[in-house]
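The next block holds one structure in the form of structure tokens; read it before the comments.
A note on names: the letters A, B, ... follow the listed sequences, proteins ahead of strands, and every chain is numbered from 1.
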Amino acid sequence: MFSDELGAGTHEPLLAGLNPEQRAAVTLPEGHALILAGAGSGKTRVLTTRIAWLLQTGRATPGGILAVTFTNKAAREMLTRLSGMLPINVRGMWIGTFHGLCNRMLRAHHKLAGLPQAFQILDQQDQLSAIKRLCKQHQVDDQRFPPKQLQQFIGSCKEEGMRPRDVPQHNPAMRRQAEIYQLYEEQCQREGVADFGELMLRSFELLRDNDPIRMHYQRRFAHILVDEFQDTNRLQYRWLKQLAGDEQNGQLRTMGSVMAVGDDDQSIYAFRGARVGNMQDFVREFDVRQTIKLEENYRSYSNILDCANALIAHNARRLGKNLRTAQGPGEPVRIFEAASDFAEAQWMVDEIRALTSAGMARQQIAVLYRSNAQSRVIESALFNAGVSYRVYGGLRFFERAEIKHALAYLRLLENVHDDTSFVRVVNFPPRGIGARTLEQLQDAARSAGCSLHDAAAQIKGAAGAKLGGFVALIEVLREQTQGQSLRAIIERMLDASGLVEHYRSDKEGEDRIENLHELVNAAESFVVQEGFGRDAVALPLDEQRGSGLTQSPVSQGLDPSQPAAGGFIDQDTGETLSPLVAFLTHAALEAGDNQAQAGQDAVQLMTVHASKGLEFDAVFIGGLEEGLFPHDNAMSDQAGLEEERRLMYVAITRARQRLYLSHAQTRMLHGQTRYNVRSRFLDELPQEALKWLTPQRAGAAQARGGAGGGFSAWSDAAPSRFGSKGEVFASPPVPPQKAQPAHGLRVGLAVFHTKFGEGKVLAIEGSGDDARAQVHFPRHGTKWLALAVAKLTVVD
DNA sequence: GGGGTTAACATTTTT
DNA sequence: TGTTAACCCC
């Protein structure tokens with residue numbers, strides 16, 4: 001099909017427009033390579049062009065490539081661009097998310113992996129409720145072991161590749177947690193479900209423990225490409241190693257080439273297991289000879305890049321990289337100090353209005369913040385000003401309660417032993433099956449060692465009758481929907497379950513009913529798009545031909561020219577997933593769009609984390625205050641602080657033309673007024689690139705050190721509303737100094753206490769008689785002191 | 001079983 | 001301060 005393209009020079013258009021580094025990365029010879037791709041350096045372009053180039057020049061076949069990303073969005077983007085570059089069918093190619101590809105592998109080898117082919121996937125919510133159910137059943141003390149914590153524990157065990165028996169059992173608490181982990185695993189196994197971590201771990205173990213399978217994939221994937229490598233966790237890295245080759249005498253012997261693309265300066269997911277160290281390990285263990293830095297930035301003016309470069313230079317242990325641009329300096333980066341969070345938001349609104357009236361599109365303007373709580377003030381300021389906006393994050397389509405209920409019914413149709421789903425809908429809509437009945441049922445199920453569904457018959461009396469009714473409902477529905485289309489199944493289910501009926505009587509049920517109908521649409525379009533080569537798609541027959549259905553995976557893998565086998569086909573029996581199971585898998589693996597579509601022409605509000613990978617003409621970053629950004633919880637150690645700085649780096653590099661930074665002297669937090677010092681990050685930026693919109697006072701560094709001085713001008717007054725912008729702040733050459741709080745303390749000051757000795761002020765809350773200060777005393781630890789009572793003197 | 005009340009908690013989040 | 005989940009009573 002694309003053999004025509006192989007003629008000399010025909011790949012030129014592919015490489016046209018690439019800079020030398022990009023071109024070098026795209027055309028690297030065989031061997032492992034690390035591509036350090038700075039923000040805005042055309043990373044995705046390089047990645048996809050590399051794949052296209054490998055295919056076009058005959059260096060690889062579609063089936064011989066594995067490309068892995070973190071998000072469905074990134075995977076989709078790659079597929080779209082790739083099919084735009086080459087006339088190939090990307091369907092069936094192994095391009096997807098880590099979890100999507102693991103899922104595919106597990107479906108294909110489910111017997112060896114010890115799973116039913118139609119296993120269901122638990123998302124976070126499902127996992128938590130499964131754990132809660134388990135804790136109840138085994139009388140786990142939920143004070144000592146809160147379900148959330150157990151979920152976290154199990155998750156991180158799996159990320160580290162640990163099964164219950166591998167958990168170090170130093171103390172009784174650890175032993176107990178390992179026990180619960182073990183019980184949880186047994187429960188999942190019994191119910192035929194797998195959580196996200198399990199997909200990854202099970203797939204890893206499948207490769208590790210089955211030589212033929214591992215070798216099959218090692219031979220098959222001559223080229224492995226990894227996106228956002230800096231965000232891989234330990235298990236994902238080990239999984240990649242299994243696919244790449246075997247270790248012999250501590251030496252990794254690989255068959256194909258691994259290209260890792262990432263940016264250590266943009267690693268912001270340590271809190272969920274991301275390990276920047278994987279980059280260094282990769283270079284060492286894979287003996288990487290080729291490292292290419294993409295430092296040319298096509299996004300931002302140089303003032304913005306100068307800020308980014310200067311800031312990130314404060315981090316130690318970097319691989320080292322400096323962004324550059326051919327563009328001019330552009331506008332200076334503006335910094336604004338507001339009296340309050342309220343005033344900060346108002347300033348943003350005023351600036352946003354100025355930008356839009358100068359012709360900038362609203363959707364090209366983003367307001368970024370460190371924590372979600374910050375959005376509230378900004379939202380109300382925008383709302384009052386009549387500026388349309390859109391907040392990212394929040395509930396996704398498949399996470400909505402009504403959708404989850406509907407999915408639970410569908411899951412039960414597929415597998416009546418799915419107790420998570422059973423519990424979810426056995427009494428929803430209400431059928432008079434209460435907590436007592438459920439408890440009885442769970443006891444019966446446990447002593448009989450069977451599922452809730454099977455135990456239902458054992459319950460006597462009225463409760464038993466009601467349970468019987470539910471079981472019968474599912475049974476009847478199952479028979480009725482046998483062989484039906486996905487659409488028909490869902491419509492039938494919505495009707496028979498009473499879900500729609502239930503919401504009809506609910507005053508807020510209208511939206512929910514609409515969503516339930518939307519579920520039918522989602523299923524429809526899933527069926528239509530089925531076969532896009534992702535997730536659990538049952539491939540049509542013509543795609544199955546030549547995929548080695550009748551061959552063992554080993555022999556099949558010997559021929560690299562074969563097209564990718566649809567991974568949802570049982571490698572032994574050739575059985576494919578039913579559309580229903582495929583759809584349920586799709587729903588779990590891809591929770592759907594993140595935001596309701598509120599008008600296109602809207603300012604974008606999101607956390608810095610959510611902004612990664614995006615770009616905007618104008619970017620506002622608010623709340624640049626010590627304690628908020630960098631966040632208190634992250635400042636205890638160097639690593640935490642450095643991650644905060646990377647986060648700031650990500651935020652800065654989102655901006656194309658204009659960047660606005662702001663902080664507030666006063667901020668409402670948890671219903672109390674906090675006085676915050678401006679973020680150290682602001683003092684790490686190059687002055688030449690900045691324009692302070694408000695007079696600059698002693699920086700955070702001085703304040704923290706307790707040195708020098710001047711008065712800090714706090715506003716204890718109620719936040720004031722500013723009529724037109726700049727009225728209050730732009731003109732006066734002297735800062736508008738308000739009365740200083742009577743206690744005269746500031747965050748960072750050294751103080752002396754008659755009993756605790758010398759200490760340092762960490763935070764101040766409240767005012768007047770209620771004022772309290774958090775002070776750290778080297779000998780007595782950190783204490784909150786009521787300033788009206790405690791006698792503190794400022795130490796020079 | 002539902003509705004109201006109260007207590008606890010409040011970084012970041014994809015799959 | 002605002003939300004959420006647990007809890008208690010009818």
Nearest-angstrom distance from the residue atom [atom1] of [X] to [atom2] of [N]:
X        : N      : atom1 : atom2 : answer
A:Asn233 : B:dT13 : CG    : P     : 18 Å
A:Gln127 : B:dT14 : CD    : C1'   : 13 Å
A:His502 : B:dG2  : NE2   : C1'   : 11 Å
A:Ile121 : B:dT14 : CD1   : P     : 17 Å
A:Arg76  : B:dT15 : CZ    : C1'   : 13 Å
A:Gln125 : C:dT4  : CD    : P     : 13 Å
A:Leu438 : B:dG1  : CG    : C1'   : 13 Å
A:Phe397 : B:dT15 : CZ    : C1'   : 18 Å

- [ ] Verify whether one side chain among A:Tyr409 and A:Arg411 offers a donor that lies under 3.5 Å from an acceptor in the other.
- [x] no
TODO: Have a look at B:dT11 and give me syn or anti from its glycosidic angle (syn if within 90° of zero).
DONE: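 Chi for B:dT11 falls in the syn range.
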Open item on the list: If I pick the C1' atom on C:dT3 and the same atom on B:dT14, what distance separates them, to the nearest angstrom?
Closed with: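 Pairwise C1' distance, B:dT14 against C:dT3, rounds to 23 Å.
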Task: Same-atom distance (C1') from C:dA6 to B:dT11, integer angstrom - done: 24 Å
Using a cutoff of under 3.5 Å, can you pull out all pairs of nitrogen or oxygen atoms linking the protein to nucleotides 8-12 of chain B, with atom names and distances?
residue : atom : partner  : partner atom : Å
B:dT11  : O4'  : A:His631 : NE2          : 3.4
B:dT12  : OP1  : A:Asn372 : N            : 2.6
B:dT12  : OP1  : A:Asn372 : ND2          : 2.7
B:dT12  : O4'  : A:Arg370 : NH2          : 3.2
B:dT12  : O2   : A:Arg370 : NH2          : 2.7

For [X], report the nucleic acid contact type (base, sugar-phosphate, nothing); a contact means any heavy atom under 4.0 Å.
X        : value
A:Gly197 : nothing
A:Asp195 : nothing
A:Ile433 : sugar-phosphate

Task: Candidates C:dG2, B:dG1, B:dT15 - which lies nearest the side chain of A:Gln124 - done: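 Among the listed nucleotides, the one closest to the side chain of A:Gln124 is B:dT15.
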Taking only N and O in the side chain of [X], is any of them less than 4.0 Å away from OP1 or OP2 of [N]?
X        : N      : answer
A:Arg272 : B:dT15 : no
A:Lys132 : C:dA6  : yes
A:Arg431 : B:dG1  : no

Open item on the list: I need the single residue from A:Arg674, A:Arg678, A:Arg667, A:Arg680 that forms a salt bridge (Lys or Arg N to Asp or Glu O under 4.0 Å) with A:Glu625. Which is it?
Closed with: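 Single salt bridge (Lys or Arg N to Asp or Glu O under 4.0 Å) partner of A:Glu625 among A:Arg674, A:Arg678, A:Arg667, A:Arg680: A:Arg667.
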- [ ] Check whether the ring centres of A:His663 and A:Phe629 lie less than 6.0 Å apart, and answer yes or no.
- [x]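 No - the distance between ring centres of A:His663 and A:Phe629 does not fall below the 6.0 Å cut-off.
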Task: A:Tyr184 vs A:His138, ring pair (Phe, Tyr, Trp, His ring centres under 6.0 Å): CA-CA, chis, key distance, verdict - done: CA-CA 11 Å; A:Tyr184 170 74; A:His138 295 273; over 10 Å; no
Task: Parallel, tilted or perpendicular: rings of A:Phe428 and A:His405 (30°, 60°) - done: parallel
TODO: I would like to know whether A:Ile154 and A:Cys157 meet side-chain contact (heavy atoms from CB on, under 4.5 Å); could you show each step before the answer?
DONE: CA-CA 5 Å; A:Ile154 292 170; A:Cys157 281; 5.6 Å; no
- [ ] Indicate yes or no: at least one non-hydrogen side-chain atom of A:Leu467 is less than 4.5 angstrom from one of A:Thr437.
- [x]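 A:Leu467 vs A:Thr437: side chains touch.
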Task: Pairwise side-chain contact, A:Arg645 with A:Glu684, heavy-atom cut-off 4.5 Å (strictly under) - done: yes
- [ ] Nearest-nucleotide wise, let me know which of A:Asp123 and A:Pro430 is further upstream toward the 5' end of DNA chain B.
- [x]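 On the 5' side of the pair lies A:Pro430.
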